[in-house]
Amino acid sequence: MNVRQTLFWFLFTPVLLISLFVGIFLLTTRFHDLDHNLHERVSHITKQVATTSEYAIVFSDQNMMYRILQNALNSDDINGIRLFNSEQKRLAELGKAPSMQDTFFPEKTQLREIDGYLQSISPIYYTSNTPDSVFDINSGLFNPVDQRSLIGWVKIEANTAAIQIDKYQYASLVIFILVLFNTVIILAAFRLATSLTQPIDKLSSALNKLVKGQFSNVKLMTLPPEYASLQKDLLDLTERLENHNEELVSGIEQATEDIRRSMDSMEEKSAQLHIANREAMESNRLKSQFLANISHEVRTPLNAILGYTKTLQKDIEDTQHRLYIDTIEQSTNSLLAIIGDILDFSKIEAGKLSLENNHFNLKALIDDVYQILSINLLTKEKQIDLVPEFSSDTPEWFVGDSTRVRQILTNLIGNAIKFTHQGAVRTKVSLLSSHQQDVTLSFQIIDTGIGIPEQKIHRLFKPFSQVDTSTTRQFGGTGLGLVITKKLVEQMHGKIEVSSAPDIGSTFRFTINLKNSNKNAQSKVPLDFEVALLEPSLTYKNYLDRYLQSIGVHCQSSSDLEQMIAFLNHHRSKLDCLLISTVPGEQGIIETRELVTYATQQFGIPCILMIQPPGKITQYHDLKHLCRDILLKPISHERLYKALQRLNASDPTTTAPQKAISPPYEKLKGLSILAVDDSPINLQLLNHWLTPIGVDITLVYSGRQALDMAESQTFDLIFMDIQMPEMDGMETTQHLRKLPNYQDTPIIALTAHALASEQQQILASGMNAYLSKPIDEELLLHTIEKWCSSTETLQDQIDAKLVNIFDLNKALTIVDGKTDIAKEMFDMLADSLDAEKKLILHHLEKQDTKKLIEVVHRIHGASKYTGTVNIARQAGFLETHLKELGMEDVEGVVDDFIDAIEELLANRQLIPWPALSV
Ligand code: ADP
């Protein structure tokens, strides 16, 4: 309801109610009066007729009766009239009386309404005494009952139709007046409401127009004079709004123009950025390429430096010169390590670092890392306990990239040793979870070194950053170690974190995922020994104690010499051996010598000495003869066990000297080897190593020369450099393999490149193996021995690689031996696999089971006809898993499937399609 309607009803409703009330009141009073008058008149006439007809009835005077009746009938409203005698018999009757019944005769006058007629009945009494005696009060003889006797009745019937008509007329009049009155009121109320609300409506529409910005319409609007001030205000407001609006519009236009201009400049900038980005990517690619090349170029001369240094080391007697040579070797090795880091970093940056899988013994690997890094203690005069702690539930063998695991541990343990001056560096390894083939291991490298301030911890994993530039000077390093470590850990699906407190130490924790290996650590035969241990360091004492107990050795430990001697005196008869850890320094050596002499000469108890760098081994020269064994700390479980085991050998003098003698390479005598390299230094080095042991080596400087030489002569083995001008090593190999005598000749690549894709390329070009520069002499000799004594042909080697991946027979049988069709089908599948792999990972991430099944099903179908056996198998597993269990625990199965795809793509070039092989 709008304002006008509300106001209208507000005005009209009270008037309507009052008029209704007055109307009803008038009608009821009028109706009542009409009824009352009729009743009065009829009952009066009845009584009058009863009185006047008394004598006519007594004297049965019919004429009189009719006269009386006629008289009564003359009055309006009376329809009919009847007289009855005392026996209720009709005496006289005039007029019509349709509803009059002759059965009702009351003793008093009565009025009643029947069927729209009013009936009045009155008894007629005859009064016998005179009027004087009747009113003589004193006589006391007045007896009304005796003097009045009922002589008849008079009944009169009146018609009420007349008064009904009166009522209707009156009611019509009243209603007409009411309707007229209310109509007038309605009109008046409507006019009033309209005149009151019209300005409000106008205002509201004006505001509406203001909102829409139709300012001119608002200005034309007029309000009644009483609203003049309101109209003025409204006009003011309109003008102000109009001005404001104009300002706003011009502001918007200006802003739009600005935005358009900045959009243009942004577009321009974006194009420039795009170009800059392309250039940056290109320069990044060039940088990676440059790093890889430079590392190759640097490794080649380093190879020569290291090789000749090693050669010189054998001949030099003069200690001063030996020191120089050692320093050259050490520096070259550091340089190699830095180049390795830079190459790794550039590989990681270029996303080219891929992990390999091999079986390795983690415990032995950690021992090895400790052993190698402990050399650092020799030069730095530090006293640190290096303790590996392997939790008992952790297996020893795993499948993973052992080189990279070693790199992670070397970086972290190396840092810990570098930044610790005293105390211990402990490496704790524990099993975090093991699910079917997958294991997650947790490592903690805990040191008691200088620590890292909290606010500098965030810098640790940034390339080329070091916590403190002054420490940089003190400690050296490139600041790349932790970045590489972090990337490697992440690539093994793990995480690395660090907690540290200055002057207290640091703890680097990391996890990695490896696969379970089917190899098991050989269980050690328990050694039923009684051993006394002298170990001043509590950490080391606990470490040794725990291990000795685990291999069945009963051990009593002492932390100082007095305790040890007291124990020795008491239990000498039971003891099988003394394990003595020497305290470095003059005093320590004297005490140790005394103890060893006492124990061996007095009681014949063998002693094993454990010395810690920087204790120079030369200081223990005479002890060497007294002791059964000297072990260098950190003591690996393996070496301690072996040393104890050797105690069983009866004669101490027959114990084998510790240094392993180099293996005899007698078998290599007389072999003829071709070495191809564009660098004369490298060739000379090979010559230098191989000629003395009787190998007949031919040196050529290019691929072309190699082919010429191969045609005129046969060789047992060929060493081939990869990067050479004109014809590179791979191309030369491909030509060589086409020569009749060289299909199975072992060809070993000598390369500084180590990217996984290149390794595959090298093998695919027909080479049997590769050696990374700088080349180690031992490894070189070992490789020659291996390949020259092996009956395994190149084809065998390739077959062995492909056996689980690809079945050529199957691929050919399906298409009736038609190689071109089989290869086309295979290529179609293999070409699509890279994209399909991305699709699988995408659907896995989105958890879209239906779409994942579709892709896997597609590959599964195709792989059955292309000889890709492993993919078919893994796709089958994955499809069944998805259909039966959905996404639950599917990650492992997907990983296997993706591994199968990657394995196939990596070895694709090795497949010997019949049409391709000559
Ligand atoms: P660098 O080759 O310089 O050692 P890293 O990336 O391995 O490079 O280490 C970066 C820096 O982190 C180090 O220079 C050192 O300041 C700090 N750092 C690493 N490990 C430790 C540690 N165990 N204790 C104290 N500082 C450490």
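Heavy atoms only: backbone and side chains are in, while hydrogens, waters and symmetry mates are out. We count ligands from 1, going down the list as the structure has it; atoms in each ligand are counted the same way. Please read these numbers as outputs of a predicted model, since none were measured by experiment.
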Participant: What orientation do Phe360 and Phe398 show, parallel under 30°, tilted 30 to 60°, or perpendicular over 60°?
Facilitator: tilted
Participant: Please state whether Gly449 comes within less than 4.0 angstrom of ligand 1, counting heavy atoms only.
Facilitator: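 Distance cut 4.0 Å: Gly449 fails for ligand 1.
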Participant: If you measure from the Lys or Arg side-chain nitrogens to the Asp or Glu carboxylate oxygens, is any gap between Glu638 and Lys363 under 4.0 Å?
Facilitator: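 Salt bridge flag = no for Lys363 with Glu638.
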Participant: Would you call Asp367 and Arg639 a salt bridge, using N to O less than 4.0 angstrom?
Facilitator: no
Participant: Does Ser506 offer a backbone N or O that forms a donor-acceptor pair with the side chain of Asp447 under 3.5 Å?
Facilitator: yes
Participant: Please confirm whether Lys456 approaches ligand 1 to less than 4.0 Å, judged on its heavy atoms.
Facilitator: no
Participant: Below 4.0 Å from any atom of ligand 1, is there a heavy atom belonging to Phe508?
Facilitator: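 Flag set, Phe508 near ligand 1.
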Participant: Could you go through the side-chain contact (heavy atoms from CB on, under 4.5 Å) check for Asp438 and Asp895 one step at a time?
Facilitator: CA-CA 11 Å; Asp438 296 314; Asp895 283 351; 5.6 Å; no
Participant: Indicate, as side chain, backbone, both or neither, the part of Ile452 found under 4.0 angstrom from ligand 1 when only non-hydrogen atoms are considered.
Facilitator: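 It is the side chain that touches ligand 1; the backbone stays farther off.
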Participant: If you measure every N/O of Phe419 against every N/O of ligand 1, is any gap under 3.5 Å?
Facilitator: no
Participant: Between Glu282 and Arg278, does at least one N-O distance fall below 4.0 Å, as a salt bridge requires?
Facilitator: no
Participant: Report, in ascending order of atom number, the atoms of ligand 1 lying under 4.0 Å from any heavy atom of Leu460.
Facilitator: 12 (O), 17 (C)
Participant: Nearest heavy atom to atom 20 (N) of ligand 1: which of Asn415, Thr420, Ile457, Ile450 does it belong to?
Facilitator: Asn415
Participant: Hey, is Asn411 one of the residues with a heavy atom under 4.0 angstrom from ligand 1?
Facilitator: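 It does not, in that no heavy atom of Asn411 comes within the 4.0 Å cut-off of ligand 1.
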